[in-house]
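See structure below.
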Amino acid sequence: MTAPLSDLSFEQALAELETLVEKLESGNVPLEESIALYERGAALKAHCEQKLKAAEEKVAQITQGPDGQATGAAPVEIN
Amino acid sequence: MSDLFDDPEPGSNTPEFTVTELSGQVKRTIEQGYGHVRVRGEVGRVSRPASGHLYFDLKDDRAVLAAVAWKGTASRLRTPPEAGLEVVATGKLTTFAGQSRYQMVVEDIAPAGAGALMAMLERRRKALEAEGLFDRARKQPLPFLPDVIGVVTSPSGAVIRDILHRLRDRFPRKVLIWPVPVQGEACAPAVAAAIRGFNALPEGGAVPRPDVIIVARGGGSVEDLWGFNEEEVVRAAADSRIPLISAVGHETDTTLIDFAADQRAPTPTAAAEMAVPVRLDLLSSLSALEDRRLRAMSRVLEGRGQRLRDLARALPRGEALLAAQSQTLDALAGRLPRALSGLAQRRRLQLTERGAGRLRPDLLANDLKRRGQEVHRLVRRMPAALARPMPERAARLDRASAALDRVVAERQRQGREALAGLDRMLRTLGYEATLARGFAVVRAGDTVVTTQAAAAKEAVLEIEFRDGRLPVRSDGGGGSGTPPPKKPSGGAATDSKPALSKPTGGGQGELF
């Protein structure tokens, strides 16, 4: 409940948001807690949204050294 | 000259060959006769020396044929020979003169029918399965939303394009391609190295470590896909700490990597679908959640607000609650001063009526006087009252007195009995009884005289007989100036205890 947002994966944040909304909808939560849930929900939603917005395609190809290990990644165009 | 023909031996006119010449001729004959052959047999022993050539045996139940695939051919073989595999080898026969051997130089190998290959594949699958490489417990869940997707495949061709397209449709991500040949001899080692290479990438290094790996290849013949059946590929996939999706061939093709992968996708496109969720779906479920969150909160507030308003309505206004009390207070406050003065007045009146008239000194004096007389009267009555026999005390005294009488009588009776007893004892033990038998006790004063010498010294002696004492004068000086009879206190020698003087019975009263 109080895990820092930056530590949460999209999936964890979404799951927490789901349970939080259900709790809020149940209506039997004290007002102060409802407000805390509401605010946490806003933060979770923003976190999820930000993760969804970071949807950028980037394709790179591994470059290998003589030993066959990856030495780097070079952008590559594939259509 | 004739010597030359002297000893002709049969067949001696046959020309001689050197070993090399003969070997060369045999080689030519064999190579011409068997320049292109197809041989069906089971692969026996296989060896791959460092030279890169590939030596193996082809055999059936009665014969063995040595075979070799030269380095260049060996790397191109679609079906690498494997012990136990039934194959059809294509090539030519040749000889190896150095060891007097003939052998087959193999150009191509094909499995002898799909059944043979499948049987071998099944054997290998069972062996790896027995090792636990395909265990359910080894399967890792795929990440819900990977940031980086590693793809092991050929960078050219439809497969990578299909994967990228599908990813773009669903959720564009970072894709790292590890290029590998997807068929031929080089395929398996390269694929295995790629899987291990992705796993070897450090977290947060220059090259991002993938969150999921897709190993993909398009459809092809069993031989085309053979690399993905190789043990090293299967082991690399099973060892991968990064969740791995295999997508090799079409849906109907099954390779051994599929068993070791965490997920098997029927096609490369399906692998992309498994790898990422649909972004738009997520956005819409997120916005649905957002709607619910806002609605739920406003319901919470509305509900609370309504309840508050309801309660507020039910709650009487503060002034209304106080008004009646306040009025009562005012009324009482108004009456208070009047009540106080009224009370004082009333009390004063009472005092005057009942008290003040009677509180005069002469009244007090009279009263005192009357009470004094009463005291005197009582004092006068006191001695008489005291003197009056008090019936209760008298009764108690009577009872005590009677009790005392009883005790005294009892004690007297006991005394008498004791005395009678003692007397009886005295009579038995005392010297008086002796006196009765005619003995007498001689005394001088208080002293019992027992010797003649002692008696001679005394002027007056007293002889006690049974019935009394008789003073006698010894030696003629007899007089009766002896003291009155005394109780024998020291006791005669015969007397064991001091006894009361018997004749003085009245002495008994002294006991009491």
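Any value given below was found using the heavy atoms of this structure, including those in side chains, with hydrogens, waters and symmetry copies removed. Protein chains get the first letters and strands the later ones, always in sequence-line order, with residue 1 at the start of each.
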Please classify the contact of [X] with chain B as side chain, backbone, both or neither, using a heavy-atom distance under 4.5 Å.
| X | answer |
| --- | --- |
| Tyr38(A) | both |
| Val29(A) | backbone |
| Ser34(A) | both |
| Gln64(A) | side chain |
| Leu44(A) | neither |
| Glu56(A) | backbone |

Residues 225-243 of chain B: residues contacting chain A (heavy atom under 4.5 Å, by number):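 Those residues of residues 225-243 of chain B which would need a heavy atom under 4.5 Å from chain A do not exist here.
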Contacts of residues 280-300 of chain B with chain A (heavy atom under 4.5 Å):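 The residues closer than 4.5 Å to chain A, in numerical order, are Leu282(B), Leu283(B), Leu286(B), Leu289(B), Glu290(B), Arg292(B), Arg293(B), Leu294(B), Ala296(B), Met297(B), Arg299(B), Val300(B).
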What are the two closest non-hydrogen atoms of [X] and [Y], and how far apart are they?
| X | Y | value |
| --- | --- | --- |
| Ile214(B) | Ala275(B) | CD1-CB, 4.2 Å |
| Arg173(B) | Pro146(B) | CD-O, 2.9 Å |
| Leu14(A) | Cys48(A) | N-SG, 3.7 Å |

Among [options], which residue has the highest count of heavy-atom pairs closer than 4.5 Å to chain A?
| options | result |
| --- | --- |
| Pro155(B), Pro179(B), Ala200(B) | Pro179(B) |
| Phe171(B), Phe198(B), Phe144(B) | Phe144(B) |
| Leu167(B), Ile149(B), Ile177(B) | Ile177(B) |

Verdict with supporting geometry, Glu25(A) and Val21(A), side chain to side chain contact (heavy atoms under 4.5 Å, CB included): CA-CA 6 Å; Glu25(A) 283 174 333; Val21(A) 167; 3.8 Å; yes
Check: [X] side chain, [Y] main-chain N or O, donor-acceptor pair, under 3.5 Å:
| X | Y | result |
| --- | --- | --- |
| Ser75(B) | Glu185(B) | no |
| Asp162(B) | Val159(B) | no |
| Arg76(B) | Gly184(B) | no |
| Glu33(A) | Pro30(A) | no |
| Arg217(B) | Gly219(B) | yes |
| His47(A) | Ala13(A) | no |
| Asp262(B) | Gln140(B) | yes |
| Ser154(B) | Val182(B) | no |
| Arg209(B) | Leu201(B) | yes |

Side chain / backbone / both / neither for [X] at chain A, heavy atoms under 4.5 Å:
| X | answer |
| --- | --- |
| Ala193(B) | neither |
| Leu176(B) | both |
| Val175(B) | both |

Contact leader toward chain B among Ala60(A), Ala73(A), Gly72(A), Ala54(A), where contacts are heavy-atom pairs under 4.5 Å: Ala60(A)
Lys139(B) atom NZ: more than 12 heavy-atom contacts under 6.0 Å: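 Yes.
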Within-4.5 Å side-chain heavy-atom neighbours: Arg313(B) and Asp310(B):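 Yes, at least one pair of side-chain atoms sits under 4.5 Å.
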Side-chain touch Leu77(B)/Leu54(B), heavy atoms, less than 4.5 angstrom: yes
